[in-house]
Amino acid sequence: MCGRYTLFTPPDELESRFDATVGFEFEPRYNAAPGQQLPVVVDTDPGRIQRLEWGLVPRWADDDSGGHINARSETVAEKPAFAEAYQRRRCLVLADGFYEWADRGDGKRPYRVAFDDDRPFAMAGVWERWTPETQQVGLDAFGDGATDGGDPEPLETFTILTTEPNGVVEPLHHRMAVILNADDEGAWLNGDSVSLSPASGDNMRITPVSSAVNDPSNDRPGLIKPADTDRQR
DNA sequence: CCAGACGTTGTT
DNA sequence: GTCTGG
DNA sequence: CCAGACGTTGTT
DNA sequence: GTCTGG
């Protein structure tokens with residue numbers, strides 16, 4: 001699956017690659033984690049790269065906790081939590097690698113999956129807008145009625161579709177993110193039917209990395225450095 | 001009809 | 001063990 | 001995904 | 001909101 005990824009491609013390269021402009025202060029990410037605001041291209045505004053929160057909260061959810069970070073591509077069209085987003089709210093989740101954890105004999109360790117040249121790609125995503133229930137004020141005996149000011153902020157979230165692994169990822173894991181064919185990105189945003197099959201493993205590689213990746217508060221270039229599997233306990 | 005769930009992965 | 005936060 | 005918390009009352 | 005279970 002995909003629960004952590006990288007996006008350190010410089011913003012000007014992302015802009016030309018995805019034909020969209022970056023409208024925020026872009027910081028390279030070596031350990032993007034669920035719950036964070038991360039760069040995506042949404043269907044309603046495909047000329048912009050903007051940030052949404054990773055972890056889809058359905059429109060009807062009672063609260064904004066516990067968003068869904070992944071959706072199975074095989075069922076995303078039918079599941080109540082995703083069906084409407086799949087039909088009408090798609091996005092490209094920009095990345096240049098993702099992490100998978102695997103136990104190869106001596107404990108669970110992280111690996112980075114990426115293309116040989118670290119080129120950026122789009123993972124298939126769907127997004128949602130959740131608006132907090134507007135509070136009824138003035139009925140609460142102890143409420144002062146003055147603390148709740150303007151309109152509640154809508155929360156925009158996204159989830160990443162998963163599929164079976166290709167030959168490169170298969171030794172690590174039995175699920176992986178859907179990587180769109182570059183040619184399909186526009187069609188995906190457009191609501192058309194595109195291939196959500198596993199990307200070919202051609203030109204992809206896995207690299208063992210430091211278990212410093214485990215802690216989401218670590219986010220620095222050294223994280224993608226190859227780690228010696230044997231030396232690292 | 002209303003009530004209650006609505007997700008994935010992995011692990012057992 | 002299970003939930004929440006990042 | 002992993003890391004870290006996981007509780008209450010009352011007092012400062 | 002929409003689907004499933006009772």
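Note on naming: letters A, B, ... go to the chains in the order of the sequence lines (proteins, then strands), and numbering restarts at 1 for each one.
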Of A:Thr6, A:Asp219, A:Asp96, A:Thr9, which meets side-chain hydrogen bond (donor to acceptor under 3.5 Å, both in side chains) against A:Arg29?
->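 Going through A:Thr6, A:Asp219, A:Asp96, A:Thr9 one by one, the side-chain hydrogen bond (donor to acceptor under 3.5 Å, both in side chains) with A:Arg29 is satisfied by A:Asp219 alone.
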Base-pair string, DNA chain E, Watson-Crick plus G-U, cut-off 3.5 Å on both distances, | for inter-strand, is ||||||
For the pair made of [atom1] in [X] and [atom2] in [N], what is the distance, rounded to whole Å?
X	N	atom1	atom2	answer
A:Met123	D:dC1	CE	P	14 Å
A:Phe98	B:dT8	CZ	P	18 Å
A:Asn218	D:dC1	CG	P	19 Å
A:Asp62	B:dG4	CG	C1'	11 Å
A:Gln36	D:dC1	CD	P	16 Å
A:Arg88	E:dG1	CZ	C1'	11 Å
A:Arg29	D:dC1	CZ	P	18 Å
A:Ile160	B:dG7	CD1	C1'	14 Å

Give a yes or no answer on whether the side chain of [X] reaches the backbone of [Y] with a donor-acceptor pair at less than 3.5 Å.
X	Y	value
A:Asn31	A:Val213	yes
A:Trp188	A:Leu180	no
A:Glu13	A:Pro10	no
A:Asn166	A:Pro198	no
A:Thr159	A:His68	yes
A:Trp54	A:Ile69	yes

So that I can tick it off, tell me whether [Y] and [X] are bridged by a salt bridge, with the cut-off set at under 4.0 angstrom between side-chain N and carboxylate O.
X	Y	answer
A:Asp118	A:Arg205	yes
A:Glu185	A:Arg17	yes
A:Arg51	A:Glu27	no

When you measure from the side-chain N and O atoms of [X] to the phosphate of [N], is any distance below 4.0 Å, counting only OP1 and OP2?
X	N	result
A:Thr162	B:dT9	yes
A:Arg175	B:dT9	yes
A:Arg59	B:dC6	no

Nucleotide nearest [X] (side chain, heavy atoms from C-beta), chosen from [options]:
X	options	answer
A:Trp101	B:dT9, D:dA3, D:dC1	D:dC1
A:Arg4	B:dT9, C:dG6, D:dA3	C:dG6
A:Asp215	C:dG6, D:dA3, D:dC2	D:dA3

Taking the [atom1] atom of each, how far is [N] from [M], in whole Å?
N	M	atom1	value
B:dT9	E:dT2	P	25 Å
B:dG4	D:dG10	C1'	38 Å
D:dT8	C:dG5	P	15 Å
B:dT11	D:dC1	C1'	16 Å

Say you draw a straight line from CE of A:Met204 to CG of A:Asp117; how long is it, rounded to the nearest 0.5 Å?
->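 Nearest 0.5 Å value for the CE-CG distance: 10.5 Å.
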Mind listing the N/O atom pairs, protein and nucleotides 2-5 of chain C, below 3.5 Å?
none

Can A:Trp60 be said to stack with the base of B:dC6, given centres closer than 5.5 angstrom and planes under 30 degrees apart?
->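 Given the distance and angle limits, yes, they stack.
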Base, sugar-phosphate, or nothing: which does [X] touch, judged by heavy atoms less than 4.0 Å apart?
X	answer
A:Ile69	base
A:Ala71	sugar-phosphate
A:Pro58	nothing

In terms of ring plane angle, is the pair A:Phe121 and A:Phe98 parallel, tilted or perpendicular, where the classes change at 30° and 60°?
->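 Ring orientation, 0 to 90° scale: perpendicular.
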So A:Leu38 and A:Val93, side chain to side chain contact (heavy atoms under 4.5 Å, CB included) or not? Walk me through it.
-> CA-CA 8 Å; A:Leu38 296 166; A:Val93 182; over 6 Å; no
Output the residues of residues 75-85 of chain A in contact with DNA chain B, where contact means a heavy atom of the residue under 4.0 Å from an atom of the strand; sort by number or write none.
->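 Correct list: A:Thr75, A:Lys79, A:Pro80, A:Ala81, A:Phe82.
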